[in-house]
Every structure is written in C-alpha cells, then in structure tokens.
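Report on one structure; see the data block that follows.
Keep in mind the model is a prediction, meaning the values are calculated, not measured. Chain naming here is simple, since letters A, B, ... match the order of the sequence lines and numbering starts at 1 in each.
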Number of protein chains: 2
Amino acid sequence: MQDLSTELPLFQSIDSAIVEAILSARIRPGARLNENQLASLYGVSRTRVREAMMRLEARCIVRVSPRRGWFVVEPSADEARYIYGARRMIEAGLLRSMGPLDAAGRAALHQHLELERAAIAAGDRQRLTCLMGDFHIRIAQLAANPVLIEILRDLTARTILISLLYQSEFHAVQSHEGHCQIVEALEAGDAERAAALAVQHLDEVEDGLDLTRQPDPLADLRETLQPNREPGTSPRSPSAFT
Amino acid sequence: MQDLSTELPLFQSIDSAIVEAILSARIRPGARLNENQLASLYGVSRTRVREAMMRLEARCIVRVSPRRGWFVVEPSADEARYIYGARRMIEAGLLRSMGPLDAAGRAALHQHLELERAAIAAGDRQRLTCLMGDFHIRIAQLAANPVLIEILRDLTARTILISLLYQSEFHAVQSHEGHCQIVEALEAGDAERAAALAVQHLDEVEDGLDLTRQPDPLADLRETLQPNREPGTSPRSPSAFT
DNA sequence: TGGACAAATCTTGCATACAAGACTGGAAAG
DNA sequence: CTTTCCAGTCTTGTATGCAAGATTTGTCCA
C-alpha cells in the first residue's frame with residue numbers, strides 16, 4: 001500500500017470526517033472502514049484510527065464485526081422506527097419550547113429553504129438528502145443548545161443512513177413543503193402548531209420508507225457494474241429524481 | 001502495583017462499570033481515572049482501558065487532560081443549563097407522546113415511587129440521588145424506545161454529576177412529590193399535564209442548584225480529612241439529609 | 001464439473017515499548 | 001527564608017509487533 005500521508009492533511013479529526021461524509025451522503029451504510037487504509041490516508045498509525053472508531057461506535061455511527069472489520073452502521077427496520085420515534089419526541093419538545101423567531105433565526109431558516117429550492121431545481125438528490133437532514137439541525141441551532149445539537153446531529157446521521165437504505169421514493173417537494181410550513185408556524189409564533197407539523201412531517205417521511213426492504217449485499221457491485229451509464233457520471237454522483 | 005486481576009471479573013465492560021458508578025453516585029465529578037490502575041483492576045492492558053475511555057469521551061462522560069490524565073467530567077454551569085434544557089425538551093416530548101399506562105407500566109412506576117419513599121425514610125441520600133435520576137430513565141423505558149433510553153441515560157449520568165457539584169440543598173421530598181404528580185397525570189391519561197409537570201419539576205430541580213458555586217478542587221481532601229466523624233461511616237456513604 | 005480441503009492472505013484484538021509532557025521534591029543560590 | 005532550577009518520577013500519546021480468527025484462492029479428488 002503506497003503512502004498517502006501527503007494526500008489529506010489532518011485538518012479535521014477522523015471522527016468528524018466520517019460523520020461529515022455520512023451527513024452529506026457521500027458514504028453508504030454498510031461501507032467498510034479499513035483501519036490500515038484510514039491510517040495511511042491520514043498518515044497516522046492504526047492506534048489513532050481505532051480510537052476514532054471507538055468514539056464513533058459509542059455514537060452508534062459505526063459497528064465492528066469481530067476480526068472482520070469496521071462498517072458504517074446499517075440501521076435495522078426496528079432501529080429505524082426507534083430513531084424516527086425519538087426524533088418525533090425530541091423535535092416536538094424542542095419546537096414547542098421555542099419562543100418567537102428573531103431576525104437572525106428567520107434569515108437562517110429562509111436561507112436554508114432557498115438552498116432546498118435550488119437543489120430541487122437542480123435535481124441534485126445527494127445534496128437534497130444532505131439539506132433535508134440539515135434543516136432539523138438548524139432548528140436545534142436556533143435553540144442554541146449544544147447538547148441538543150449534538151444529539152440531533154447523531155440522530156440525523158443515522159436518519160440519512162436509513163434513507164439510503166429504505167427510501168423507495170424521494171418526495172423532495174413534499175418534504176420541502178413540510179419544512180416551509182414549520183418555518184411559517186414558527187414565524188407566526190405558533191410553537192404548538194410547529195411541533196405538530198414536525199411530528200406530521202417526520203411521520204410522512206417515515207411512511208415513505210420501505211422498511212420491508214432487505215439490505216442488498218450486492219448493491220455496491222450491482223451499481224458499479226451497471227451498464228450503459230454515460231462515461232464521466234459517477235454512480236454516486238447527483239442524479240435526477242422524479 | 002500488585003496484580004488485582006483476580007479481584008474483579010470482567011463481567012461487565014469497563015464502560016458500563018464507570019457509567020454505573022456515576023448513576024449510583026459512587027464516583028464524584030472530577031475523579032481521576034488512572035489508566036494503569038483500571039488496567040490492573042480489570043486484568044487487561046492499557047489499550048483496552050483507553051478504548052473504553054474513548055467511548056466514554058464520545059458520550060461526554062469523561063474528559064482527558066493531555067498528558068495529565070482522564071477525569072470524570074465536571075459540567076460547567078453553562079453545560080448544566082444546557083443539559084437541563086435538553087432534558088426538559090426531550091422529556092416533555094416523550095411524556096406528551098405517551099399513551100395511557102398499561103398495568104405493567106403502572107406497577108413499575110409505583111414500585112419505583114415506593115423505593116423513593118423508603119430511601120427518604122431511611123435518609124439514604126446517595127441512594128436517593130440514584131433513584132431520582134432513575135425515575136426519568138424508567139419513564140423512557142415505558143416508551144420502549146432503546147434509542148431514547150440511551151440518550152436519557154447519558155443525560156441522567158451527567159445530571160447526577162451536576163447535582164454532586166452544584167446541589168446546595170437536596171429537596172428530596174419535593175422531588176418525590178413531583179414524581180408522584182407526574183405518575184398521577186400519566187395514570188389519568190393526561191399526557192399534556194404530565195409533560196407540563198415534568199418541565200416544572202426539572203425547573204424546580206434546576207432552581208435548587210447553586211450554579212454560581214465554583215468547583216472546589218479541595219473537596220475530596222476536605223471530606224477525607226473532615227474530623228469528628230463516627231468511625232465506620234465512610235464520607236461517601238449514606239448520610240441523613242435535612 | 002462440483003465440492004471439499006488447505007495454504008496463503010488479510011484484518012482486527014491486544015499487549016508492549018518507548019517518547020514526551022507534567023508534576024514533585026530537593027538542592028543550591030540569592 | 002525564599003526562590004529557582006533540575007533531576008527523577010509518573011502518566012498519557014503513539015507506534016509497532018505478534019496472535020488469532022475470517023476470508024479467499026488454489027488445488028486435489030470424486
């Protein structure tokens with residue numbers, strides 16, 4: 001294995017690089033995380049890679065299969081339900097406790113909704129997946145509670161993995177409209193309605209999942225070998241959605 | 001250092017042993033966690049101890065001071081406020097989403113309240129601290145959502161550390177009554193009231209904290225050397241409260 | 001051709017060695 | 001008597017080595 005230590009600086013820790021990759025849907029559930037590869041990628045020894053894995057394991061972001069390897073988690077159907085359930089309770093509680101939006105908060109949310117609209121117009125599904133999750137983190141940021149933000153960030157990461165596993169159709173427009181309605185309610189100072197809308201929104205997204213779908217162990221191979229794809233278009237890159 | 005490997009079996013992982021010790025208030029915030037000592041206590045090498053520390057670090061249970069050591073976290077005043085804030089939102093959302101109690105749930109909660117009463121009668125402050133935190137975990141258990149239970153367990157652990165740092169007076173009876181009211185509301189199927197009561201209860205507990213108090217680096221020594229204590233009574237053991 | 005077995009390879013699990021910073025205690029200088 | 005400095009000690013930070021299980025691949029036999 002060649003030395004790649006000069007390729008990527010250790011700007012950010014391994015932990016956040018991996019979480020970031022999940023949050024932006026650049027890495028798939030079940031992806032293998034090889035200790036040696038990560039070590040040479042970051043120019044450190046396996047020790048530090050393992051430490052990062054241990055931390056991510058505690059956050060339910062990766063799992064280890066003994067003597068086989070580390071993998072990005074693939075939430076089961078049950079787990080998916082629990083995660084959506086937890087998010088419903090937490091986000092409802094969060095929204096209900098929120099006072100009226102200040103100018104900065106309103107601006108931040110509107111800017112985010114604008115990004116969503118742009119991504120929809122561009123048909124950039126990967127970016128949309130990322131933005132859809134980010135919306136909920138932004139709400140938590142309005143509450144300016146770092147503890148809650150951390151909790152919701154990890155739940156969002158797991159939610160994105162769930163989407164990649166079970167999302168049959170991607171109702172981007174519907175989700176976007178849900179977000180708009182929540183923002184509207186917040187601007188009207190109607191926290192109660194915002195909370196109810198958030199619960200309903202999460203319900204809709206969860207309903208859009210096909211939780212009966214079995215994880216396909218051949219998915220990666222299938223995609224890689226898929227024929228008649230235009231050259232230059234990576235299988236994982238943005239693709240138009242219907 | 002003598003070999004203590006036969007003293008404690010590795011029944012439970014180091015992680016849960018430490019969390020358990022915090023949840024039962026057997027270990028103080030700021031307590032040092034020496035890698036070598038833990039290693040020989042559990043009969044393993046430092047490697048595995050460090051792995052446990054990394055996981056606990058990701059859960060904000062311990063922190064490392066570079067080249068000085070590992071310590072049980074001492075939440076700052078700000079952090080304490082964030083944690084109580086997060087708990088208010090999460091527990092309110094949880095309670096509001098709960099349906100009417102079934103027989104098993106009612107039994108579990110009543111049994112818990114009974115334990116609280118017994119501890120109050122016995123004047124066992126350490127046990128009470130533990131029970132007071134456990135109440136909220138039990139509520140989460142009723143929702144049967146493992147994801148939420150994990151989140152609340154970690155928040156509870158940190159809450160207990162906060163109590164040990166900042167709780168000036170321990171209003172055990174008042175807290176117990178708060179719990180009773182919440183259970184009553186749940187039994188009446190009034191989730192809305194239960195949620196409001198929980199928020200109010202957490203507010204009261206937070207108000208009972210003296211967040212201006214600076215962490216006393218001499219606390220341990222002070223307690224250890226405190227004179228005129230009856231022999232046989234450990235400084236950390238149950239003590240009557242007023 | 002198909003299946004079973006075995007060697008080779010890969011990957012993690014765990015311990016250990018050594019480096020480096022932080023602290024302690026004592027000696028020496030003012 | 002106080003302060004400063006330095007050697008010794010302790011503790012964590014990081015790399016590395018080896019063991020052991022899992023997987024793969026190639027070969028042999030039916």
Minimum side-chain heavy-atom gap A:M132-A:F170 below 4.5 Å
yes
Of the listed nucleotides C:dT16, D:dT11, C:dG13, the one nearest the side chain of B:N34
D:dT11
Tell me which residues in residues 64-73 of chain B put a heavy atom below 4.0 Å from DNA chain C, sorted by number, or none.
B:R67, B:R68
Value in whole Å for how far the P atom of C:dT9 lies from CG of A:N36:
16 Å
Think B:R50 has a side-chain N or O under 4.0 angstrom from the OP1 or OP2 of D:dG13?
yes
With the side chain of B:S45 defined as its heavy atoms from C-beta on, choose the nearest nucleotide among C:dG13, C:dT16, D:dA15.
C:dT16
Looking only at the side chains, is there a donor atom on one of B:S13 and B:S16 sitting less than 3.5 Å from an acceptor on the other?
yes
Just verifying a value: how many Å separate A:C130 SG and A:D124 CG, rounded to the nearest 0.5 Å?
9.5 Å
How long is the span from the CD atom in B:Q126 to the CG atom in B:L164, to the nearest 0.5 Å?
9.0 Å
Figure out the CD/C1' separation between A:E35 and D:dC18, and round it to whole Å.
15 Å
Return whichever of B:T47 or B:R32 has its heavy-atom-nearest nucleotide of DNA chain D closer to the 5' end.
B:R32
Rounded distance in Å - CZ (B:R46) to C1' (C:dC14):
13 Å
Indicate whether the side chain of A:R213 and that of A:S168 have a donor and an acceptor atom separated by less than 3.5 Å.
no
Here the gap from B:M53 atom CE to B:D15 atom CG, rounded to the nearest 0.5 Å, amounts to 7.5 Å
Heavy-atom contacts under 4.0 Å between residues 52-62 of chain B and DNA chain C, which residues?
none
Between B:E57 and B:R63, is there a side-chain N and carboxylate O pair less than 4.0 Å apart?
no
Does a salt bridge link A:E20 with A:R26, judged by any charged N lying under 4.0 Å from a carboxylate O?
no
